[in-house]
Protein chains: 2
Amino acid sequence: MADLNKLLTPLFLNEKEIRRIIELMFFSYRDFTSGPDQILEKMNFGRAHHRVIYFVGKQNNLTIKELLSILKITKQSLSRVLNQLVQEKYVILSIGEDKRTKKLSLSKKGIDLEKKLSEIQISNIHSVVKKFNESDINGFKKILFSMIEEKNQIIFNEINYRK
Amino acid sequence: MADLNKLLTPLFLNEKEIRRIIELMFFSYRDFTSGPDQILEKMNFGRAHHRVIYFVGKQNNLTIKELLSILKITKQSLSRVLNQLVQEKYVILSIGEDKRTKKLSLSKKGIDLEKKLSEIQISNIHSVVKKFNESDINGFKKILFSMIEEKNQIIFNEINYRK
DNA sequence: TTATTTAGGTCAGCCATATTGACTTAATTA
DNA sequence: TAATTAAGTCAATATGGCTGACCTAAATAA
């Protein structure tokens, strides 16, 4: 029936409704990041630090190159943020098997900060999704995923389904 | 049945699944903004210019105060961007009935740029949502809305359902 | 009518995050 | 041995936020 619906009303979202989605993205993303942003500010860190800590925490022994490919920023941009995190001992560097590479991991201090920051977002999202049924949540996840460009969907899948 | 589901599995999204949502937000938002960002860059404008043009285009005769309450930035931050847009004749200022206020509107040039920028996002979103059924889309919209903080939900509703 | 509040503007300085370009070192691979 | 790769660094630039201090003019309250 979904397909029938699409055939019958191929434009069942008119421009006005799509503009509402644009605004939903803007408003929801801003509030999605505001919790961690407030904590980071007090520590003289920014959102870029959170991203590094998040992805290093997610995958231990990430290399710089892999991190850059996830974040899609230049190594010069990353280096400022990463150097701070290493100096202040949130992130630990070690040398990889390929001795040109470096492996990134979180210290205890780093893990604690990662938890503190992500817990805000996790609990926010949890308290949202618990109000909805699985069908709504699946629609939400499927559409967000579909909004990611194909080449980045591949990266998304790699970081989530690596062995 | 949705309620029963919730009662039976109050945590049917575990932490790992919620972290996937965090990443979906990060990846999708980045790609959501990348199209307009590229055009703006060539014009020596940024995302902040787009936001101003977007919301002025949405609601003609918006005042500075109203715009600030939507964007939630300081007037000093807005003024740099807005002055450029006025100087380069994308945005037109006029005096309101209350002579302390100013009304913002887009010139022809501004409307053209707004269209050019928003069309990218509109067509991206359109090509995404057409792949899904209304139930998925409704889940997507409901959950995004629910991720907005209450006080900002009110603002969102005001800009969308004003008479 | 005077005092206060409101809408808007401006100057100056600061910080975070991104960019480009040029160049270096060390290790791996062809 | 030559070329490529991973990482690091220096310098300059742009954008987009912020704070604090201060100003004007108009509207509103005392």
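Letters A, B, ... mirror the listed sequences (proteins, then strands); counts begin at 1. This structure is a prediction, so every number in the text was calculated from the model and none was measured.
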Selection from D:dA7, C:dT20, C:dA27 that lies nearest to any side-chain heavy atom of A:Arg100
C:dA27

Is the distance from OP1 or OP2 of C:dA16 to the nearest side-chain N or O of A:His49 less than 4.0 Å?
no

Less than 4.0 angstrom between a side-chain N/O of A:Arg47 and OP1 or OP2 of C:dC15, yes or no?
no

Check each residue of residues 76-97 of chain B for a non-hydrogen atom within less than 4.0 Å of any atom in DNA chain C, then write out the ones that pass by number, or none.
B:Gln76, B:Asn83

Do NZ/NE/NH1/NH2 and the carboxylate oxygens of B:Lys116 and B:Asp112 come within less than 4.0 Å?
no

Under 3.5 Å, is there a donor on one side chain and an acceptor on the other for A:Tyr54 and B:Glu23?
yes

State whether a side-chain donor-acceptor pair under 3.5 Å links B:Asn160 with A:Lys16.
no

Kindly indicate whether the side chain of A:Lys75 and the base of D:dA7 share any N or O donor-acceptor pair separated by less than 3.5 Å?
yes

Start with the C-alpha gap between A:Phe32 and B:Tyr29, add the side-chain angles, then the distance that decides, and say whether ring pair (Phe, Tyr, Trp, His ring centres under 6.0 Å) holds.
CA-CA 11 Å; A:Phe32 165 69; B:Tyr29 193 79; 9.2 Å; no

Among D:dA7, C:dA27, D:dA26, which nucleotide has an atom closest to any side-chain atom of B:Asp98?
D:dA26

Is there a side-chain contact between B:Ile154 and B:Asn157, using heavy atoms and a 4.5 Å cut-off?
no

Would you indicate what A:Thr101 reaches in the nucleic acid, counting non-hydrogen atoms under 4.0 angstrom: base, sugar-phosphate, or nothing?
sugar-phosphate

